[in-house]
Amino acid sequence: MSASEFAAKSYKTRGLVLRTHKLGEADRIISLLTPEHGLVRAVAKGVRRTSSKMGATLEPFMEIDAQLVHGRNLDVFTQAQLRHSYGLALAADYDAYMAANAMVETAERLCEGEEDAVAPQYRLLHGAIAALARGAGDPGSLLDSYLLRALSTAGWAPSFTTCVNCGEPGPHDSLNIALGGVVCRACRPPGSQSPAPETIALLAALLTGDWPVAAASEPRTRRAAATIVAGYVQWHLEKVVKSLKLVERT
Ligand SMILES: [Zn+2]
């Protein structure tokens with residue numbers, strides 16, 4: 001390949017490593033979320049060899065600057081440099097690591113085939129992974145806040161204040177996942193839930209990022225909110241986000 005052909009086929013991008021898969025003897029396929037190119041799946045050659053410089057960089061939850069070339073099927077990494085080594089901090093904290101896994105799995109689902117609308121999702125995921133890595137809060141609450149905001153960014157904003165059906169100002173004490181949040185007594189369809197008022201207040205705080213309210217919540221309130229968030233994610237993503245089931249709530 002000539003230098004000009006290489007330049008035409010190559011591109012640089014910032015990205016977050018979501019997942020890696022083994023390929024052949026020494027290679028990996030890397031799922032990379034990028035703000036401008038969407039979700040990129042590309043081959044990193046020789047990275048499972050101990051001599052590989054790129055190997056430690058192309059690990060889950062690392063933010064990198066990468067150079068890639070377009071391949072016939074998958075793109076191929078030619079360079080990767082660390083911007084933020086979130087993966088190292090997360091590997092040392094099981095709860096944060098599991099929350100990060102659930103975040104990237106959700107991001108991957110939301111960004112699949114969405115090349116143009118990925119930049120806001122990238123910012124959101126990057127902020128959430130960075131917060132987990134620096135221990136900015138309870139991992140479960142950071143996860144639930146991320147999930148509610150990621151769904152909102154995808155166009156499925158829930159409401160935990162005004163009635164989702166008629167707009168009647170709250171607080172309301174009934175919640176309907178299929179409708180997307182709280183419902184007033186007049187609108188309440190059969191099968192709606194009646195969570196504790198503090199659970200609804202916590203959901204509202206997680207959606208808006210009101211950390212003092214989230215941090216002051218009781219563990220059982222967090223668990224109740226987590227169940228509702230997981231139900232809401234599943235309703236919209238249809239398939240169960242597997243990692244959500246693995247996140248332990250204490
Ligand atoms: Zn209503």
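Start at 1 and go down the list; that is how both ligands and their atoms are numbered. Only this structure's heavy atoms are used, side chains among them; waters, hydrogens and symmetry mates stay out.
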Chemist: My understanding is that only residues two or more places apart in sequence, or in another chain, count here; which of them pass ring-ring contact (aromatic ring centres under 6.0 Å, His included) with Trp235?
Modeler: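 Scan of Trp235 (ring-ring contact (aromatic ring centres under 6.0 Å, His included), adjacent residues dropped) gives none.
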Chemist: Grouping I, L, V, M, F, W and Y whenever their side-chain heavy atoms are under 4.5 Å apart, do Val104 and Tyr97 come out in a common cluster?
Modeler: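 Per the 4.5 Å side-chain linkage, Val104 and Tyr97 are co-clustered.
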Chemist: Parallel, tilted or perpendicular, judged at 30° and 60°: which one describes the rings of Tyr11 and His37?
Modeler: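 Tilted.
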Chemist: I want to check something: taking the side chain as every heavy atom from C-beta on, are Arg222 and Asp138 in contact at a cut-off of under 4.5 Å?
Modeler: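 Result yes, sub-4.5 Å side-chain heavy-atom pair found.
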Chemist: Give me each pair satisfying side chain to side chain donor-acceptor pair (under 3.5 Å) with a member in residues 122-133, each pair once, sequence neighbours excluded.
Modeler: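 Every side chain to side chain donor-acceptor pair (under 3.5 Å) pair that includes a residue of residues 122-133, provided the two are not neighbours, is Glu63-Tyr122, Glu63-His126, Tyr86-His126.
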Chemist: Keeping waters out of it, list the protein N, O or S atoms under 2.8 Å from the Zn ion (ligand 1).
Modeler: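 Per the 2.8 Å query on the Zn ion (ligand 1), atoms found are Cys163 SG, Cys166 SG, Cys184 SG, Cys187 SG.
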Chemist: For residues 186-197, which residue pairs pass the side chain to side chain donor-acceptor pair (under 3.5 Å) check, not counting sequence neighbours?
Modeler: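 As it turns out, the side chain to side chain donor-acceptor pair (under 3.5 Å) pairs with a partner in residues 186-197, which skip direct neighbours, are Ser174-Arg188, Asn176-Ser192, Arg188-Ser194.
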